[in-house]
Number of protein chains: 2
Amino acid sequence: MSNETFPDEKSFHMTPDEFRRHGHAVVDWIADYRSRVESYPVLSQVKPGEIRAALPPNPPARGEPFDAMLRDVEKIILPGITHWQSPNFFAYFCSNNSGVSILGDLLSSGLGVQGMLWSTSPACTEVETHVLDWLVPMLGLPEKFLSTSTGGSTGGGVIQDTASSAALCALLAGRERATNFASNQNGCDGRLVAYASTQTHSSLEKAAMIAGLGRSNLRLIEVDTNFAMRPEMLARQIEADQRAGLVPCFVCATVGTTSSNAIDPVAEIARICRQHNVWLHVDAAMSGTAALCPEFRHIHDGVELADSYNFNPHKWMFTNFDCSCFWIADRKALIQTLSILPEYLRNQASESGAVIDYRDWHIQLGRRFRALKLWFVIRHYGVEGLQHHIRRHVELAQRFADGVRKDDRFELAAPVPLNLVCFRHKGGDAANQTIMERLNRSGDLFLTHTKLNGKLTLRLCVGQTNTEERHVARAWQRIREEAERVA
Amino acid sequence: MSNETFPDEKSFHMTPDEFRRHGHAVVDWIADYRSRVESYPVLSQVKPGEIRAALPPNPPARGEPFDAMLRDVEKIILPGITHWQSPNFFAYFCSNNSGVSILGDLLSSGLGVQGMLWSTSPACTEVETHVLDWLVPMLGLPEKFLSTSTGGSTGGGVIQDTASSAALCALLAGRERATNFASNQNGCDGRLVAYASTQTHSSLEKAAMIAGLGRSNLRLIEVDTNFAMRPEMLARQIEADQRAGLVPCFVCATVGTTSSNAIDPVAEIARICRQHNVWLHVDAAMSGTAALCPEFRHIHDGVELADSYNFNPHKWMFTNFDCSCFWIADRKALIQTLSILPEYLRNQASESGAVIDYRDWHIQLGRRFRALKLWFVIRHYGVEGLQHHIRRHVELAQRFADGVRKDDRFELAAPVPLNLVCFRHKGGDAANQTIMERLNRSGDLFLTHTKLNGKLTLRLCVGQTNTEERHVARAWQRIREEAERVA
């Protein structure tokens, strides 16, 4: 190789000292943001196109100073933010974070490792496997999900990006188990059928489309008056499909549906799945976190019979997006479903079974060191700290529900097992729509709606890291004020 | 709601002041890490299980101080890191990052927004759309990929997690276009066929399995002596499949294959796809970045005829993982493929077409504000700065290739169009395996292998942010030293 040096040795990279200085400024900006977040309207009030109009039409030919970017975050970006980290955010499901999680994620960015194979950073894989093993007893999950489980099969956990992807992987594994891996080889043949309830998250419909089953082969099973799946209807449908020559391959049961937080009867569903040899996946995306507290652990009854299970620390467990934990009882079924092995990724230790290569556990090949933030969160809070804050959120939601019960202008629209309250003004859909729109436009709080039994229903989800009693009390006060106005 | 306060008002959250203090420490740690990264063995030298053995078997009941975690990162984690950010990392494809990208990502963690819908943070969507529009002229991509394009269809870009997911989405859109959305409705029927070359990334095989086509319906088209797809073989195969009553739906052309950086003849492939109305996706995961420089922009010849295109700023463009940019010429085809619309996600502005809801552009529902880091990278470097460093990497790889050409113990195993050099010692597979293992075990550098024409081939990819002439020169010196030893 030639030894002549480059005539032009300039560098455009940020120097370590600049990184230090700007990094401190960003940390301070985030600390300030977190302190003042209540001062912003929770739901962004900008109009479509307003943010883009403030951005230059062409990319910069030359670099700009970092301070200019930070100023633009303040001036251009902040008005376009819907503040998920505001304690007055009660919409959808929460997606909370925490200081310690942000710092864990920052370390992951700094290390910049890509953990597709064990060898491409053993710590990235081993911390992940270990922390997911920690969570098994923390959540009262069955021992078969441990990476160290023994017996007929070996389980283990993996961090996925979202519950949507986890459900897709579970569906694929179920599809392959039902066809003895023939679908992977020859494609789907239109005979595979999957099952969820009418209240199951829409990602299941998306997964059925993606996986080549087709949405018409996803049976949406009726629910009971509490919006939980009716197991006898599931059994009936599976049997009818079998009689019709179809191949039932997958059931998704939900612990805490998105609409109303309904909890499907997992144990009964599981017995039906066992009987018909159908893969059972349990989606506990938000609500699984509640099982940290022994008094809520009953939500996991029956999970010991499931094939796979998922919950999202990035929803309610103070871990910033993305971090979705997925466990499987028989990891070989998952790996055989998703494994491909080109020469440039060959790896002796993995082929001998001595290590885990997580690239075979999900859709993507590349993966970030996400376990770091989860490890940090568990260590910072300890089991005790996590339990404390989860209990508090549930207690706040229950108090809000009590308020609704005692006000005869309002009614609860569904049971309130945990931290989500579905309620409505008795004045009908238009009144509820108006109340919601006025509240959200005021910026004082943000809540969203669903439909239950055909009626527009307001949802208040308590789960943002810093939501305290005063925030929930004020939300209830503001809701009653707007109710006065529509009356 | 009751006004009684909680008897137990304690909080386990990190206070803003603690966040500031610990945050500064983490920033400093990363600055130090980046400065001393060359002092570590590039490939982690730990044994399977060694990291886990250093972790306590049970989760902590009570919280631990932050300093303890940072100490464990140093003591337990670092030995288990394969240093992707070392300038001596030449393995796989690079996955580089930069100070400014790390800080952009940190801001995203701090804001903690979830951009599934426009309304859940308009800035998250609009900055993404805008920056992806910036990249279209920056990379010499066709105007039809602009979100503002007009004519028969409207295009646009989206950030995906990885090229694997982007290719899967493209395959799904092609599948649906070919079946007039009947596959989404009724599932696949075993007649759909997709095409790639024998050198295409393994994620395409995975995508064919996931999407219900089956790996036997992914045709691997032969390549020429430069490892590029032979278009006449593609045309012949498509025609044979059509005659057999099958339905060709998708072709993936690669700009810079993973094995050898071969560049498929996109324009010729595109003409065949047009003729047979087959979706053409172009995967330029690493090499697309080279098109920032006008002198390399020819790699995108023919992309103007493609339906979709993808490259990963998280590989070679100084943007930390994950950030994979995906463009589509007709966004309606993608949205119609992936859209689902439950009541709890309804959104008037989106249904009227006034805004983009990115949840319908990929597999996942939830999404992080990834555009922030990409916006920061482009603004910090400017087009000029990005071009400078990309040119330098290509030049370094070319010089290394010159060294190989001049040393009669070695040979190049493939053309070197950009920054990846495929070469081998003439002593045969065992010699090359030994050279590679000794180099990697030494920790001085890290490179990986592939097989080309059945022969074990070493790969040296120049793309880590801080790789300079001295690192490549030393790599060549170490390679020659190990060659002496095997001789």
Side-chain angles (χ1 to χ4, degrees), chain A residues 1 12 14 16 19-20 23 26-27 30-31 48 51-52 55 59-60 62-64 77 80 82 85 95 97 99 102-103 105 109-110 112 114 121-123 126 134 162 164 184 186-188 190 202 205 209 212-214 320 340 342-344 354-355 364-366 368 379 382 385 403 450-451 476, chain B residues 1 12 14 16 19-20 23 26-27 30-31 48 51-52 59-60 62-64 77 80 82 85 95 97 99 102-103 105 109-110 112 114 121-123 126 130 134 162 164 184 186-188 190 202 205 209 212-214 320-321 340 342-344 354-355 364-366 379 382 385 403 450-451 476:
Chain A
M1 191 172 153
F12 293 80
M14 198 178 260
F19 177 78
R20 233 175 266 267
V26 171
V27 166
I30 293 171
I51 306 292
R52 282 202 74 169
L55 302 173
R62 282 159 199 271
E64 299 175 47
I77 301 299
T82 291
Q85 304 312 319
S95 181
N97 72 13
I102 293 169
L103 298 183
D105 211 20
S109 295
Q114 220 273 51
S121 268
E126 295 198 10
W134 274 2
T162 63
S164 299
N184 258 352
N186 303 315
C188 293
S202 57
E205 185 182 335
M209 287 155 47
L213 274 73
N320 56 309
I340 31 113
E343 185 64 31
Y344 48 80
V355 301
Q364 303 85 355
L365 171 59
R368 176 181 169 90
R379 293 184 64 177
T450 189
K451 275 192 178 161
W476 181 224
Chain B
M1 194 174 149
F12 292 80
M14 198 179 260
F19 177 77
R20 235 175 264 268
V26 171
V27 166
I30 294 171
I51 306 292
R52 282 202 74 171
R62 284 160 196 269
E64 299 175 46
I77 302 299
T82 291
Q85 303 312 320
S95 181
N97 72 13
I102 293 169
L103 298 183
D105 211 21
S109 295
Q114 219 274 49
S121 268
E126 294 197 11
H130 196 76
W134 274 3
T162 62
S164 298
N184 258 352
N186 303 316
C188 293
S202 57
E205 185 183 334
M209 287 156 47
L213 274 73
N320 55 308
F321 189 90
I340 32 114
E343 185 64 32
Y344 49 79
V355 301
Q364 304 83 356
L365 171 60
R379 292 183 64 177
T450 188
K451 275 193 179 161
W476 181 224

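Keep in mind that what you see is a predicted model, and the values were worked out from it rather than measured. Both backbone and side-chain heavy atoms feed into the values below; hydrogens, waters and symmetry mates do not.
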B:S164, part contacting chain A, at a heavy-atom distance under 4.5 Å: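 Interface part for B:S164: side chain.
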Quick check for you: among [options], which has the greatest number of heavy-atom pairs under 4.5 Å with chain B?
options               : result
A:I51, A:T162, A:N320 : A:I51
A:S95, A:G385, A:P59  : A:P59
A:D105, A:N186, A:N97 : A:N186

Determine, step by step, whether B:L103 and A:M14 satisfy the side chain to side chain contact (heavy atoms under 4.5 Å, CB included) criterion, reporting the C-alpha distance in whole Å, the side-chain angles of both residues, the deciding distance to 0.1 Å, and the verdict. CA-CA 11 Å; B:L103 298 183; A:M14 198 178 260; 4.2 Å; yes
Taking [options] one by one, which has the highest count of heavy-atom pairs under 4.5 Å against chain A?
options               : value
B:G190, B:G366, B:P16 : B:G366
B:Q114, B:E205, B:Q85 : B:Q114
B:R62, B:H130, B:M209 : B:H130

Contact part of A:N184 toward chain B, heavy-atom cut-off under 4.5 Å: side chain, backbone, both or neither?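 For A:N184, backbone and side chain are both near chain B.
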Should A:L213 and B:C188 count as side-chain neighbours, where that means a heavy-atom distance under 4.5 Å?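 Result no, sub-4.5 Å side-chain heavy-atom pair not found.
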Below 4.0 angstrom, N of the basic side chain to O of the carboxylate: do B:E126 and A:R52 qualify?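 Result for this pair is no, no salt bridge flagged.
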Answer yes or no: is there a donor N or O on one side and an acceptor on the other, between the side chain of A:S109 and the main chain of B:I102, under 3.5 Å?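 No, A:S109 side chain to B:I102 backbone: no donor-acceptor pair under 3.5 Å.
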